[in-house]
Student: 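First the structure, then my questions, so here it is.
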Amino acid sequence: MAYAPEEIFLVLSVAGISAYAFSPWIGIAVAIVLAVVIASYRQNVRAYPSGGGDYEIATVNLGPNAGLTVASALTVDYVLTVAVSISAAASNIGSAVPFVAEHKVLFAVLAIAVLTAVNLRGIRESGSAFAIPTYAFIGGMFVMLGWGLARVYIFGEDLRAESSGFVLVEEDAHLYGIALAFLVARAFSSGCAALTGVEAISNGVPAFRKPKARNAATTLALLGIIAVAFLMGIIILAQKIGVVLAHNPATQLVGAPDDYRQKTLIAQIAETVFEGFPLGFFFITVSTALILVFAANTAFNGFPVLGSILAQDRYLPRQLHTRGDRLAFSNGIFFLAGAAIILVVIFGAEVSALIQLYIVGVFVSFVLSQTGMMRHWTRHLATEKDPSERRRMKRARVIAVIGLVMTAIVLVIVLITKFILGAWIAVVAMAAIFVLMRSIRRHYDTVSAELDAHEWDGVLPSRTHSIVLVSKLHMPTRRALAYARATRPDSLEAITVNVDESDTRALVQDWENSDIAVPLKVIESPYREITKPVLDYVRRVLRDSPRDVVTVFIPEYVVGHWWEQILHNQSALRLKSRLLFQPGVMVTSVPWQLSSSGRTRPLDPQNLPGAARRGIGTDDE
């Protein structure tokens, strides 16, 4: 709501100041669509309160492909909700703080990072954090619109916005007939951004207090009333005070100062209404920015839940189904934040650029959801006998049909007016996500069938061969040998690859002088390479005894710093990555903790298990 009226004015500015006359009618059309969608979704949350929202409705009533289409659309829409809302917040703050206007991308990225951190604290904590800004914005907007309209219509004051004296040069002075209708339709489609957020409540029902469905339905009703009031109030007041917004201020505004920076629509209204009271202006701009952040937060509440359901249905990686230590779906939150940051950076945090990609996804989900609800009520009517329940269901079905027709018309308008301006990117993204999720499901199904326990033949390996890889005779090697012996294999040997003659001779000499009973075998490597000789040797062992199992023990250092990992374990990592693809081979890492990993001092022999029994640390009598 904080940017939808502004987008209406910006689109109409192409045809000049006279086109602003269409703005109230466009606002009324958007308000009607919003009211119908709100009424429809109040039925949705009561019928499907589990949090699956449109995805669940479409899947249950229309089939998996329809559900997956909704999921793809909502995924794109959630990412764009964050990007657009945060970019609009940066624009509003920039209207009061020029530094933010000059560094919008940086501000937007930092805002998304903060929002991510808040949501990682948990859903209840993040909801509490945004409660006060929400009430502040609602109260501030009612005061601003009420006082502004009162000054104009009751007290008869001639309020004029800062931009009212500028001349707006139309970009195309020959818009008549179909071209003008197309422009109005495009302004309407941009204004329909006011409907975003409705689907987030449908998907976020589990976050509400009990009774969840009733509280979600009540929230939707309040959302609709407040949104319609703000939408019409902003449009009417902006017209009365003569706000001029240009799609391209540098070329369209005549009479503006050279250093003029176009403020947002709400900022210009607040500056005019609270003239002489700068605190009111700053309060409105800051609270508007915060509520836009809250709008982004609805996506942070909705997408992780949707992602968890999709992961449970094996359409997304299973990590998205896992909750973090604060019981939030951390991986979904991180994915959403990362994707939104990428969009913000690519589009320079410009709302007018991002808005072209917006609302396609949400109206796709609206259409399929209302189609699903129509089938839902038809199916239930076929079995319901109670007359009062049948009347309620018929009324709900009528609402679903009206919602379907209206949202389908809006979707067609959005696609026609915005497709070449950027909506095609959203369509392509939805198609790509659809294909990706189908591929993920196919992979999980294939793996599940391949790992089916019913196909286990019960045949045990004939013998087990243990091989310990050796580079030097040091403590990690001794630990690996001890652990390998503890597994009681049928055969145990140590191998080393000869990449340096002098080092190999020294190792063999140390081995022969030690008390180790395990034989050491030297494998030649003409090209001073380690991985291939080891693989060839393991393959030879398995070729001689195909039913045997070879276990390769690899000593590894455990380090405490990332840069130490670069310096160590690279050969072990290459070997493990190759050995894991060999059938009949088990790979065991034997860790040795270096002091940087947290083991800062050697173990005291007196504190080792059995020290007293062995007489360690006792005084000789």
Side-chain angles (χ1 to χ4, degrees), residues 1-13 16-24 26-27 88-98 100-101 136-169 187 191 194 226-247 249 252-292 351-352:
M1 193 54 59
Y3 49 80
E6 179 175 338
E7 290 301 318
I8 293 174
F9 278 84
L10 285 172
V11 174
L12 293 176
S13 71
I17 197 75
S18 60
Y20 284 177
F22 292 104
S23 59
I26 293 172
S91 297
N92 276 274
I93 290 290
S95 297
V97 183
V100 174
F137 170 76
I138 294 173
M141 287 295 292
F142 273 122
V143 169
M144 181 187 76
L145 294 176
W147 178 237
L149 292 171
R151 291 181 66 182
V152 172
Y153 287 101
I154 297 177
F155 301 111
E157 297 184 38
D158 185 23
L159 298 182
R160 305 308 295 169
E162 176 190 36
S163 59
S164 61
F166 303 156
V167 176
L168 180 64
V169 178
I226 294 171
V228 169
F230 286 177
L231 174 69
M232 296 309 301
I234 290 171
I235 290 175
I236 292 171
L237 189 54
Q239 269 200 311
K240 292 303 294 184
I241 65 176
V243 172
V244 175
L245 287 175
H247 191 267
Q252 285 187 267
L253 292 182
V254 177
D258 294 336
D259 59 346
Y260 176 73
R261 186 180 296 276
Q262 181 169 274
K263 297 183 178 70
T264 63
L265 179 61
I266 290 179
Q268 291 195 47
I269 293 174
E271 189 176 43
T272 305
V273 171
F274 296 115
E275 184 181 3
F277 183 57
L279 184 60
F281 165 71
F282 280 101
F283 179 85
I284 291 295
T285 53
V286 171
S287 62
T288 301
L290 289 176
I291 202 63
L292 284 164
V351 178
S352 295

Student: Grab the two heavy atoms, one from Ala289 and one from Ala89, that are nearest each other, plus how far apart they are.
Tutor: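 Answer, listing the atom of Ala289 first, then Ala89: O-CB, 3.4 Å.
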Student: Which pair of heavy atoms, one from Ser95 and one from Phe281, lies closest together, and at what distance?
Tutor: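 Of all heavy-atom pairs spanning Ser95 and Phe281, the closest is O-CZ, 4.0 Å.
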Student: With a 3.5 Å cut-off and sequence neighbours excluded, list the donor-acceptor pairs that the side chains of residues 228-243 form with protein atoms.
Tutor:
| from | atom 1 | to | atom 2 | distance (Å) |
| --- | --- | --- | --- | --- |
| Gln239 | NE2 | Tyr20 | O | 2.9 |

Student: Using distance only, find each side-chain donor-acceptor pair of residues 265-275 under 3.5 Å and give its atom names and separation, not counting sequence neighbours.
Tutor:
| from | atom 1 | to | atom 2 | distance (Å) |
| --- | --- | --- | --- | --- |
| Gln268 | OE1 | Ser163 | OG | 2.5 |
| Gln268 | NE2 | Lys263 | O | 3.2 |
| Thr272 | OG1 | Gln268 | O | 2.8 |

Student: Ignoring hydrogens, what is the shortest heavy-atom contact between Ala161 and Ser164? Give both atom names and the distance.
Tutor: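 It is O-OG, 2.7 Å.
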Student: Measuring from atom CZ of Arg151 to atom CG of Leu159, what distance do you get when rounded to the nearest 0.5 angstrom?
Tutor: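 Answer for the CZ-CG pair, Arg151 versus Leu159, is 4.5 Å.
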Student: For Thr264, what residues pass the side-chain hydrogen bond (donor to acceptor under 3.5 Å, both in side chains) criterion, not counting sequence neighbours?
Tutor: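 Partners of Thr264 by the side-chain hydrogen bond (donor to acceptor under 3.5 Å, both in side chains) criterion, ordered by chain and then number, come out as Asn92.
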Student: What pairs of residues pass the salt bridge (charged side-chain N to carboxylate O under 4.0 Å, His left out) test when at least one of them lies in residues 282-292, not counting sequence neighbours?
Tutor: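 Non-adjacent pairs meeting salt bridge (charged side-chain N to carboxylate O under 4.0 Å, His left out): zero.
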Student: Counting C-beta onward and ignoring hydrogens, is there a side-chain heavy-atom pair between Gln262 and Leu253 closer than 4.5 Å?
Tutor: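 Counting from C-beta outward, Gln262 and Leu253 do come under 4.5 Å.
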Student: For residues Ala187 and Ile8, report the shortest heavy-atom separation together with the two atoms involved.
Tutor: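 In this case the closest contact between Ala187 and Ile8 is O-CG1, 3.6 Å.
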Student: Going by the rule ring-ring contact (aromatic ring centres under 6.0 Å, His included), which residues pair with Phe166 if we only count those two or more places apart in sequence or in a different chain?
Tutor: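 Phe166 satisfies ring-ring contact (aromatic ring centres under 6.0 Å, His included) with Tyr260 once adjacent residues are dropped.
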Student: The test is side chain to side chain contact (heavy atoms under 4.5 Å, CB included); show your working for Ile26 and Leu12 and say whether it passes.
Tutor: CA-CA 11 Å; Ile26 293 172; Leu12 293 176; 4.1 Å; yes
Student: Could you tell me the separation between the CZ atom of Phe142 and the CZ atom of Phe137, rounded to the nearest 0.5 Å?
Tutor: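 The distance works out to 9.5 Å.
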Student: Report the residues that fulfil ring-ring contact (aromatic ring centres under 6.0 Å, His included) with Phe282, sequence neighbours left out, ordered by chain and then residue number.
Tutor: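 With sequence neighbours excluded, Phe282 shows a ring-ring contact (aromatic ring centres under 6.0 Å, His included) to no residue whatsoever.
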Student: Which heavy atom of Ala21 sits nearest to which heavy atom of Pro24, and what is that distance?
Tutor: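 Shortest heavy-atom separation between Ala21 and Pro24 comes out as O-CD, 3.3 Å.
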